[in-house]
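Step one of this worksheet: look at the structure below.
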Amino acid sequence: MPREDARHIARAFLPRHVLGNRYDYYYTLTKLRTDPLYPGVLQALRPTRAPVLDLGCGLGLLAHALRADGLALPYYGVDIDAAKIRRGREVAARTGLADVRFDVLDLGAGLPAHHGSVAILDVLQYLAPERQRALLDQVIAMLEPGARLVIRSGLADTSTRSRTTRITDRIANLAGWMQERAKCYPTADGLRAQLEGAGLATTIRPLYGDTPFNNWLIVGERG
């Protein structure tokens with residue numbers, strides 16, 4: 001993301017008090033400047049007008065990225081981490097993001113009602129294989145004509161990047177940033193088979209940029 005756009009979004013996460021905790025600010029600034037995630041997701045969503053459900057939204061950075069990109073798509077973010085949802089709500093309200101809402105939700109327990117596009121960013125690996133497949137079936141059913149399913153995930157293969165991804169996710173869990181431990185990384189072939197089998201036009205491309213991780217962008221479009 002352009003440096004000034006990244007800084008503008010990150011500044012929204014500065015604490016109100018000068019001595020407050022700046023972790024979210026530095027995390028956001030670093031992620032937006034070094035991770036190609038949001039430029040890739042924005043590119044995938046620009047052709048659509050459908051509302052976006054963001055599963056595992058964390059602090060809700062996608063909502064900020066959408067608005068910074070001039071996309072007024074209605075946004076609904078859910079995450080299991082209540083503390084992140086609380087902070088995401090506070091920042092979104094403070095910065096005046098329109099048509100944005102957040103809820104605490106365990107994806108293992110079910111999904112909210114939704115019709116439109118769905119984003120699943122760095123989430124699938126935290127679900128068991130059978131839950132991954134069931135989740136994808138559920139969100140595919142939510143897609144309206146022209147809407148898109150946008151996934152960013154580490155993929156299972158024999159590369160050094162794949163090993164690095166697994167180690168880093170484990171460290172994130174031990175450090176407390178991620179509440180869940182990674183359970184299973186999907187494969188490119190498995191994702192393509194499920195999405196195309198459901199009638200979605202599907203593309204899979206690398207989205208790791210200059211990072212050492214094995215992250216890929218998977219986009220399925222409902223014709």
Side-chain angles (χ1 to χ4, degrees), residues 1-43 45 52-73 75-107 119-123 125-126 150 152-154 161 164-182 207-215 217:
M1 182 173 287
R3 294 179 65 86
E4 286 308 311
D5 288 348
R7 181 173 292 277
H8 175 74
I9 293 173
R11 285 182 64 83
F13 289 86
L14 282 169
R16 291 190 168 186
H17 192 280
V18 67
L19 298 180
N21 190 326
R22 296 191 170 213
Y23 182 89
D24 287 349
Y25 165 74
Y26 287 115
Y27 166 79
T28 299
L29 183 64
T30 301
K31 185 171 185 64
L32 293 177
R33 284 185 171 178
T34 63
D35 189 341
L37 170 62
Y38 293 105
V41 174
L42 293 174
Q43 183 182 31
L45 291 175
V52 178
L53 173 63
D54 185 6
L55 299 180
C57 66
L59 295 169
L61 292 186
L62 179 56
H64 293 266
L66 287 167
R67 299 302 180 259
D69 198 58
L71 298 177
L73 309 177
Y75 172 91
Y76 181 26
V78 297
D79 198 283
I80 193 174
D81 191 325
K84 288 180 184 177
I85 289 294
R86 174 182 54 77
R87 302 201 303 276
R89 282 174 176 161
E90 291 173 354
V91 173
R94 192 163 66 238
T95 54
L97 294 190
D99 214 353
V100 166
R101 63 189 179 109
F102 298 91
D103 278 321
V104 178
L105 180 72
D106 180 356
L107 298 183
I120 308 176
L121 310 179
D122 301 329
V123 168
Q125 65 265 34
Y126 297 102
V150 183
R152 208 277 287 267
S153 181
R161 285 183 177 277
T164 300
T165 302
R166 291 195 299 271
I167 293 169
T168 304
D169 282 346
R170 179 59 176 148
I171 292 172
N173 172 244
L174 292 172
W177 178 249
M178 300 303 299
Q179 290 192 356
E180 299 291 320
R181 181 174 180 176
L207 196 66
Y208 37 70
D210 294 329
T211 75
F213 309 118
N214 195 38
N215 290 324
L217 185 70

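Atom OG1 of T165 is separated from atom OH of Y208 by 10.5 Å, given to the nearest 0.5 angstrom. Rounded to the nearest 0.5 Å, atoms CG (L32) and CG (D5) are 9.5 Å apart. Rounding to the nearest 0.5 Å places OG1 of T28 at 12.5 Å from CZ of R7. Taking OH of Y76 as the reference point, atom CG of D103 lies at 3.5 Å (rounded to 0.5 Å). Between the CD1 atom of I9 and the OH atom of Y25 there is a distance of 12.5 Å, given to the nearest 0.5 Å. Annotation: the span from N21 atom CG to R87 atom CZ amounts to 8.0 Å, rounded to 0.5 Å.
For the pair N215 (side chain) and L207 (backbone), a donor-acceptor distance under 3.5 Å is absent. The backbone N or O of T211 sits less than 3.5 Å from a side-chain atom of R161, completing a donor-acceptor pair. Looking at R86, its side chain never comes within 3.5 Å of a backbone N or O of D81 through a donor-acceptor pair.
Pairing each heavy atom of G40 with each of L217, the nearest pair is O-CD2, 3.7 Å. Across every non-hydrogen atom of A119 and L62, the tightest pair is CB-CD2, 3.9 Å. Between G154 and Q125 the shortest heavy-atom distance is N-OE1, 4.5 Å.
Using a 4.0 Å cut-off between a side-chain N of Lys or Arg and a carboxylate O of Asp or Glu, R94 and E90 do not qualify as a salt bridge. With respect to D35 and R152, a salt bridge is recorded, a charged nitrogen being found less than 4.0 Å from a carboxylate O.
Looking at heavy atoms from C-beta onward, I85 lies in side-chain contact with C57 at the 4.5 angstrom threshold. A heavy-atom distance below 4.5 Å is not found between the side chains of Y38 and H64. The shortest distance between side-chain heavy atoms of D99 and R67 falls below 4.5 Å. Using a 4.5 Å heavy-atom threshold, the side chains of V150 and I120 count as separate. Considering only heavy atoms from C-beta on, L105 comes within 4.5 Å of L107 through its side chain.
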- Assess whether side chain to side chain contact (heavy atoms under 4.5 Å, CB included) is satisfied between V104 and I80, documenting all intermediate values. CA-CA 5 Å; V104 178; I80 193 174; 5.8 Å; no

- Message: As a quick check of understanding, evaluate side chain to side chain contact (heavy atoms under 4.5 Å, CB included) for V52 and L73, giving each step before the final call.
- Response: CA-CA 7 Å; V52 178; L73 309 177; 3.8 Å; yes

- Message: Set out, in order, the CA-CA distance, both residues' side-chain angles and the distance that settles side chain to side chain contact (heavy atoms under 4.5 Å, CB included) for L66 and L97, then state yes or no.
- Response: CA-CA 10 Å; L66 287 167; L97 294 190; over 6 Å; no

- Message: With side chain to side chain donor-acceptor pair (under 3.5 Å) as the criterion, how do Y75 and D54 come out once you've worked through the C-alpha distance, each side chain's angles and the decisive distance to 0.1 Å?
- Response: CA-CA 7 Å; Y75 172 91; D54 185 6; 2.7 Å; yes

- Query: Passes side chain to side chain contact (heavy atoms under 4.5 Å, CB included), L59 versus V91? Steps please.
  - Reply: CA-CA 9 Å; L59 295 169; V91 173; over 6 Å; no

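Taking the ring axis of F102 as reference, the NZ or CZ atom of R89 does not stay both within 45° of it and closer than 6.0 Å to the ring centre.
Environment of CZ in R33: crowded, with over 12 heavy atoms of neighbouring residues, nucleotides or ligands closer than 6.0 Å.
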